[in-house]
Amino acid sequence: MKNVSFISLILGFASLVTACKSGINSQKKTTSVATEKLETRYKMLLDYPVDSMSMPRSMNTKTLEIRKVPSRDWTSGFFAGNLWQLYRLTGDSKYKEQAQKWTPFSKKESVNSNSHDVGFKVFCSFGEALKVENKKEYEAVIIKGAETLCTRFNPKVGSIRSWDFNKEIWDYPVIIDNMMNLELLFEASKISGNPKYREIAIQHANTTLKNQFRADNSCYHVIDYNPNTGKVRKKTTLQGYNDDSVWARGQGWAVYGFTMSYRYTKDPAYLKQAEATAKFFMTNKNLPEDGIPYWDFKDPSIPNAARDVSAAMVIASALYELYGYTKNDSYLAFADKLMASVQTDKYILDAKIKAPFLFDHSTGNWPKHDEIDEPIIYADYYFLEALIKAQSLKGSK
């Protein structure tokens with residue numbers, strides 16, 4: 001992709017926000033400012049010092065302290081992924097050079113069987129690298145990661161175990177987030193020709209489809225199973241407001257996860273669920289006018305609840321792909337709306353703040369009062385991914 005088309009794409013999204021306001025000159029001025037701010041922020045990723053123990057995760061905008069994590073953290077692969085995606089978007093080799101330095105730090109996570117987030121850590125780094133450079137060593141890491149992730153699969157339950165902690169609370173927890181790790185398995189089967197990874201991914205998706213959703217097509221965060229019988233013990237949450245609430249990013253994981261699973265399987269049940277949960281999200285009565293959701297749709301403090309840009313960007317990326325399969329214009333329009341909303345002064349992180357992040361106002365873990373209303377790395381990752389998908393759709397028309 002040429003740099004000029006990338007800038008045009010940003011300007012196009014930003015213009016959606018300013019249309020119908022104070023006139024053409026004001027619109028051009030606003031879009032220009034938004035574009036300049038984003039370009040400034042992109043370059044800050046290049047300035048961030050390379051350190052295997054300091055992957056940027058989030059930032060406290062009051063103290064300006066960056067939360068830095070080692071590779072074992074579930075968010076560790078996103079920064080390398082952001083650099084690879086910026087290279088694809090801009091064609092600037094400086095992003096590729098930095099991505100090549102950061103990506104190897106995630107390699108050891110391909111053998112870390114103590115985490116269900118092998119997919120996030122390995123595929124968001126090495127998977128993005130493979131899209132740019134067709135290297136056998138990248139493929140080997142992805143296959144090794146898939147093999148490791150499969151060790152957490154229980155055939156009696158039909159799912160990959162999520163967390164190992166809080167054993168006094170649950171026996172075999174499976175979270176909706178885990179749908180995102182299936183991409184690693186599907187890709188590993190494509191690369192290796194070994195059907196095992198794909199088969200386990202399908203079993204996990206089918207179990208999630210059966211047990212994780214409510215009648216209104218919203219999803220629970222955590223389903224706890226009996227590991228010996230496979231029966232559901234309880235339906236609960238860790239990151240939502242309460243067990244019956246609707247954690248916004250969880251709905252994003254669901255739409256994205258089943259859309260992605262449809263990509264690899266063409267199972268109509270997956271597409272049906274993705275569309276149903278997307279409709280729940282898009283038409284929710286508690287969704288703010290600009291589409292950027294509150295962190296939980298049932299937080300009683302709405303409209304004073306914290307927003308979650310990361311949830312919006314996960315949904316945007318999913319909807320672009322969902323539109324590609326369905327040609328439902330409402331998905332394209334809603335994704336465009338979300339992308340236009342974030343590319344404004346309200347959400348773009350101020351240029352005065354020197355940090356490797358693009359957007360403010362994401363929410364990490366509200367019940368633990370952790371990363372509330374802050375820049376968080378995965379919001380940026382899914383924004384950049386959505387830009388690439390939008391550009392691909394534009395090019396196919």
Side-chain angles (χ1 to χ4, degrees), residues 119 157-160 162 174-187 189-190 195 197-223 225 230 232 235 237 240 244-287 291 293 297-298 311-338 382 385-386 389-390 392-393 396:
V157 175
S159 286
I160 298 164
S162 295
V174 177
I175 60 177
I176 192 63
D177 321 37
N178 219 357
M179 284 296 300
M180 302 294 286
N181 291 294
L182 302 187
E183 189 168 11
L184 175 75
L185 300 180
F186 283 122
E187 279 295 322
S189 276
K190 282 182 63 178
Y197 312 126
R198 173 187 170 88
E199 290 167 359
I200 286 178
I202 289 173
Q203 289 184 68
H204 182 98
N206 288 343
T207 301
T208 302
L209 187 66
K210 178 182 177 181
N211 297 317
Q212 208 100 16
F213 293 91
R214 303 182 179 97
D216 64 2
N217 290 302
S218 66
C219 66
Y220 290 95
H221 181 206
V222 186
I223 304 296
Y225 294 90
V232 174
K235 301 184 177 186
T237 193
D244 295 319
S245 69
V246 182
W247 178 45
R249 194 163 67 251
Q251 313 314 300
W253 295 144
V255 177
Y256 190 117
F258 279 97
T259 301
M260 173 266 294
S261 295
Y262 177 78
R263 181 201 314 159
Y264 291 100
T265 65
K266 295 300 182 283
D267 187 332
Y270 297 165
L271 187 67
K272 181 180 179 182
Q273 187 61 64
E275 289 199 87
T277 304
K279 181 179 180 181
F280 173 88
F281 190 106
M282 293 163 56
T283 61
N284 195 283
K285 64 182 179 64
N286 284 335
L287 188 70
F297 284 110
K298 290 189 176 182
M313 294 300 92
V314 172
I315 280 282
S317 182
L319 289 178
Y320 282 129
E321 183 170 0
L322 195 56
Y323 167 76
Y325 301 135
T326 64
K327 303 306 177 185
N328 185 327
D329 288 336
S330 69
Y331 301 148
L332 182 61
F334 193 80
D336 283 348
K337 175 181 178 177
L338 294 176
Y382 290 105
E385 182 180 78
K389 289 181 179 180
S392 179
L393 287 173
S396 65

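Numbers for residues simply follow the sequence, beginning at 1. Atom set for the values below is all heavy atoms of this structure, side chains included, hydrogens, waters and symmetry mates excluded. The structure displayed is predicted, hence computed values, not measured ones.
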ask   = Step by step, would you call Thr207 with Ile223 a side-chain contact (heavy atoms from CB on, under 4.5 Å)?
value = CA-CA 10 Å; Thr207 301; Ile223 304 296; over 6 Å; no

query = What's the shortest heavy-atom distance between Leu182 and Ala201, and which atoms?
reply = CD1-O, 3.5 Å

task = Any pair with a residue in residues 257-281 that passes salt bridge (charged side-chain N to carboxylate O under 4.0 Å, His left out), sequence neighbours left out, goes on the list, sorted by first then second residue, please.
result = Glu183-Arg263, Arg263-Glu321

task = Could you tell me whether the side chain of Trp247 reaches within less than 4.5 Å of the side chain of Asp177, counting heavy atoms only?
result = yes

Close side-chain approach of Phe258 and Phe213, heavy atoms under 4.5 Å = yes

task = Any chance you could lay out the side-chain contact (heavy atoms from CB on, under 4.5 Å) test for Arg198 and Thr265, step after step, and finish with the verdict?
result = CA-CA 9 Å; Arg198 173 187 170 88; Thr265 65; 4.1 Å; yes

query = OG/Ser162 to CD1/Ile176 distance, rounded to the nearest 0.5 angstrom?
reply = 9.5 Å

ask   = Do His204 and Asn181 come within less than 4.5 Å of each other through their side chains, counting heavy atoms only?
value = no

remark   = Of all heavy-atom pairs linking Ile200 and Leu185, the shortest is CG2-CD1, 4.1 Å

query = Do the side chains of Ile175 and Trp253 get nearer than 4.5 Å, heavy atoms only?
reply = no

query = For the residue pair Ala318 and Lys389, what are the closest heavy atoms and their distance?
reply = N-NZ, 4.4 Å

ask   = Any idea which heavy atoms bring His221 and Thr237 closest together, and the distance?
value = CB-OG1, 3.4 Å

query = Do Tyr262 and Leu322 pass the side-chain contact (heavy atoms from CB on, under 4.5 Å) test, and can you show the C-alpha distance, the side-chain angles, and the key distance before you say yes or no?
reply = CA-CA 9 Å; Tyr262 177 78; Leu322 195 56; over 6 Å; no

remark   = Rounded to the nearest 0.5 Å, the OH atom of Tyr320 sits from the CG atom of Asp336 at a distance of 4.0 Å

Side chains of Thr259 and Tyr331 in contact at under 4.5 Å (non-hydrogen atoms) = no

message = Is there a side-chain contact between Phe280 and Arg214 in this structure, where contact means two heavy atoms from C-beta onward sitting under 4.5 Å apart?
response = no

message = Please report the interatomic distance NZ(Lys298) to OG(Ser218), rounded to the nearest 0.5 Å.
response = 6.5 Å

message = Could you work out, with ring-ring contact (aromatic ring centres under 6.0 Å, His included) as the rule, every residue matching Tyr197, not counting sequence neighbours?
response = none

key: Expected output: side-chain Ser317 to main-chain Met313 donor-acceptor under 3.5 Å   = no

message = On a heavy-atom basis, which atom in Val255 and which in Ala278 lie closest, and how many Å separate them?
response = CG2-N, 3.6 Å

note = Minimal heavy-atom distance between Gly291 and Leu338, with the atoms involved, is O-CD2, 3.1 Å

note = CG of Asn206 to OG of Ser159, rounded to nearest 0.5 Å, is 9.5 Å

query = Within a strict 4.5 Å, meaning less than it, do heavy atoms of the Ile202 and Tyr264 side chains meet?
reply = no

request  = Please lay out, stage by stage, how Leu319 and Phe281 fare under the test side-chain contact (heavy atoms from CB on, under 4.5 Å).
outcome  = CA-CA 11 Å; Leu319 289 178; Phe281 190 106; over 6 Å; no

ask   = For Tyr325 and Tyr270, what are the C-alpha separation, side-chain angles and deciding distance, and is it a ring pair (Phe, Tyr, Trp, His ring centres under 6.0 Å)?
value = CA-CA 12 Å; Tyr325 301 135; Tyr270 297 165; over 10 Å; no

key: Contacts of type side-chain hydrogen bond (donor to acceptor under 3.5 Å, both in side chains), residue Tyr220, not counting sequence neighbours   = none

query = Within a strict 4.5 Å, meaning less than it, do heavy atoms of the Asn284 and Gln251 side chains meet?
reply = no

